[in-house]
Visitor: 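Handing you this structure, nothing more for now.
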There are 2 protein chains.
Amino acid sequence: MRAIREAMGPMHERSAALPAVSPAVESLVRQMIAQVADKWTMLVLEALEEHGTLRFGEVGRTVGGISQKMLTKTLREMERDGLVTRIVHPVIPPHVDYTLTELGRELSAAFCGVWTWAETYYEQVSAARKAFRAREEG
Amino acid sequence: MRAIREAMGPMHERSAALPAVSPAVESLVRQMIAQVADKWTMLVLEALEEHGTLRFGEVGRTVGGISQKMLTKTLREMERDGLVTRIVHPVIPPHVDYTLTELGRELSAAFCGVWTWAETYYEQVSAARKAFRAREEG
DNA sequence: GGCGCCTTCTTACTTCTGGTTAGCATTGCG
DNA sequence: CGCAATGCTAACCAGAAGTAAGAAGGCGCC
């Protein structure tokens, strides 16, 4: 994710003609989008939204297919951004609970539209994909 | 993105207890999310939504900070998934126009919530980030 | 006529992210 | 004793993304 190209690298220097919002806000929002528009973040968000509070391993199993490393990293970043609270119960074996914050629930709600879109249009998308393949092969 | 771990690799094999939807649909939707929840896809989507039809270079400048390689790849995938139409005017120098399809506009609308979230809460997020840094350093 | 420009896209080469595997810490249980 | 359970880290490696350069080909400039 690399902090949105820390100086807006190649491809010219951004068109000067942007909508209304201030460039600073625009840049911040883009940073957030870049960090939040991550596969694992979305999946973890949905898992926690659906099940309430989950332990580390439960999040992993619910999300499915995520490595411990990425799960740790994703949850850390989400905690850092105030999307989840992380409660460590100092027992052996370790027990850590993750819960969405209000901010996290809001974001989850915002992503809801994307989930709905995916569920609504996945047939159209796979049709488009098939047509595309046929077009380029034929 | 790797097609949602082509066999749901590590971290056990998904919890058997999932909501209502069929596992096949669930998996397909996850694939789509994984491919569509990409930083560049979101940014390109927004650029095209906002400006209507754009040429290759214009998309790049509007998005800002994207390499030509990734722009080509992203637009190709979006075309393949039926999100944009790609119209090549066979002139020299080359001239290629990109426009959102109805499907793309729907997706853009779905992402609108995320943009709104980001604009609404970026102050809270940066506050949370600052607090987190203070907490872990102090 | 030769040179270079324009724009989109491709092709090496390099850097960085993410996955895999192994290990640590610490208590209880067989 | 030794091993399972749980959250997390470290080392290593494949694959993804960034960088830079080139190709195509008609047109303007000298």
Side-chain angles (χ1 to χ4, degrees), chain A residues 1-13 15 34-35 37-44 47-48 53-80 84-99 136, chain B residues 1-13 15 34-35 37-44 53-80 84-99 136:
Chain A
M1 289 285 162
R2 194 71 288 142
I4 212 80
R5 236 74 289 309
E6 31 256 325
M8 289 303 177
M11 207 90 195
H12 318 57
E13 314 70 23
S15 78
Q35 285 156 5
D38 168 73
K39 183 177 73 167
W40 296 131
T41 302
M42 279 190 65
L43 261 10
V44 167
L48 286 175
T53 296
L54 290 178
R55 301 182 51 175
F56 179 85
E58 290 174 333
V59 178
R61 277 186 292 277
T62 306
V63 165
I66 186 172
S67 65
Q68 286 194 337
K69 183 172 132 184
M70 283 314 292
L71 184 52
T72 301
K73 183 168 166 257
T74 304
L75 285 169
R76 244 349 114 66
E77 286 176 357
M78 291 176 75
E79 185 199 2
R80 183 200 53 169
V84 301
T85 55
R86 178 168 171 273
I87 299 172
V88 182
H89 299 103
V91 297
I92 298 292
H95 184 136
V96 186
D97 281 328
Y98 292 92
T99 314
E136 77 173 354
Chain B
M1 289 287 158
R2 196 68 289 144
I4 212 79
R5 238 72 292 310
E6 29 256 327
M8 290 300 178
M11 207 92 194
H12 318 56
E13 315 68 25
S15 79
Q35 284 156 5
D38 168 73
K39 185 177 73 168
W40 296 132
T41 302
M42 279 190 64
L43 261 10
V44 167
T53 295
L54 290 178
R55 301 182 51 175
F56 179 85
E58 291 173 332
V59 178
R61 277 185 292 278
T62 306
V63 165
I66 186 171
S67 66
Q68 287 191 338
K69 183 171 123 182
M70 283 314 291
L71 184 53
T72 301
K73 185 168 164 262
T74 303
L75 286 169
R76 248 341 120 66
E77 286 176 358
M78 291 176 75
E79 185 199 1
R80 183 200 53 170
V84 302
T85 55
R86 177 169 172 272
I87 299 172
V88 181
H89 300 103
V91 297
I92 299 290
H95 183 136
V96 185
D97 281 328
Y98 292 93
T99 314
E136 75 174 354

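Each chain gets a letter, A, B and so on, in the order the sequences are listed, and its residues count up from 1.
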Visitor: Looking only at non-hydrogen atoms, find the nearest pair between A/Arg55 and A/Pro94 and report the distance.
Guide: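 Smallest interatomic distance, heavy atoms only, reads NH2-O, 3.2 Å.
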Visitor: Measuring only between side-chain heavy atoms, which start at C-beta, is B/Met78 closer than 4.5 Å to B/Arg86?
Guide: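 When only atoms from C-beta onward are counted, B/Arg86 and B/Met78 do not touch, as no gap falls below 4.5 Å.
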Visitor: Report the distance from atom CH2 of A/Trp40 to atom C1' of C/dG19, rounded to the nearest whole Å.
Guide: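 Atom-to-atom, A/Trp40 to C/dG19, this comes out as 10 Å.
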Visitor: Using whole Å, report how far CD1 of B/Ile66 lies from P of D/dT19.
Guide: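 So the two atoms are 11 Å apart, to the nearest Å.
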Visitor: Which of parallel (below 30°), tilted (30 to 60°) and perpendicular (above 60°) describes A/Phe56 and A/Tyr98?
Guide: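 Tilted: the ring planes of A/Phe56 and A/Tyr98 meet at 30° to 60°.
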Visitor: Is there a side-chain contact between A/Leu54 and A/Thr62 in this structure, where contact means two heavy atoms from C-beta onward sitting under 4.5 Å apart?
Guide: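 Sidechains of A/Thr62 and A/Leu54: in contact.
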Visitor: Taking atom P of D/dA16 as reference, at what distance in whole Å does atom CE of B/Met70 sit?
Guide: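 Atom CE in B/Met70 sits about 10 Å away from atom P in D/dA16.
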Visitor: What's the spacing between A/Leu48 CG and A/Glu58 CD if we round to 0.5 Å?
Guide: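 Between A/Leu48 CG and A/Glu58 CD, I get 10.0 Å after rounding to 0.5 Å.
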Visitor: A/Lys39 and B/Ala34: which non-hydrogen atoms are nearest, and at how many Å?
Guide: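 Closest approach of A/Lys39 to B/Ala34, heavy atoms only: CD-CB, 3.3 Å.
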Visitor: Among all residues two or more places apart in sequence or in another chain, which pass the salt bridge (Lys or Arg N to Asp or Glu O under 4.0 Å) test with A/Lys69?
Guide: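 Salt bridge (Lys or Arg N to Asp or Glu O under 4.0 Å) check on A/Lys69 returns nothing, list empty.
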Visitor: Heavy atoms only, 4.0 Å cut-off, all strands: where does B/Lys73 land among base, sugar-phosphate and nothing?
Guide: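 Sugar-phosphate contact only - B/Lys73 comes under 4.0 Å of backbone atoms but never of a base.
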Visitor: Take atom CG of B/Asp38 and atom P of C/dG18, then tell me their distance rounded to the nearest Å.
Guide: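 From B/Asp38 CG to C/dG18 P: 12 Å.
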Visitor: Angle, rounded to 10°, between the helical axes spanning five pairs at each terminus of the helix from C/dG1-D/dC30 to C/dG30-D/dC1?
Guide: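 One end's axis against the other's: 30°.
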Visitor: Over how many whole Å does the gap from A/His89 atom NE2 to C/dT27 atom C1' extend?
Guide: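 In whole Å, C/dT27 C1' and A/His89 NE2 are 18 Å from each other.
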Visitor: Measure from CG on B/Leu71 to C1' on D/dT19 and round the result to the nearest Å.
Guide: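 Rounding to the nearest Å, CG of B/Leu71 and C1' of D/dT19 are 15 Å apart.
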Visitor: Between the protein and nucleotides 1-9 of chain C, which nitrogen or oxygen pairs come in under 3.5 angstrom?
Guide:
unit_1, atom_1, unit_2, atom_2, d
C/dT7, O3', B/Arg55, NH2, 3.0
C/dT7, O3', B/Pro94, O, 3.2
C/dT8, OP1, B/Arg55, NE, 3.0
C/dT8, OP1, B/Arg55, NH2, 3.1
C/dT8, OP2, B/Gly57, N, 3.2
C/dC9, OP1, B/Arg86, NE, 3.2
C/dC9, OP1, B/Arg86, NH2, 2.5
C/dC9, OP2, B/Tyr98, OH, 3.1
C/dC9, N4, B/Gln68, OE1, 2.5

Visitor: Side chains of A/Ile66 and A/Leu43, heavy atoms from C-beta outward: is any pair under 4.5 Å?
Guide: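 No, side chains not in contact.
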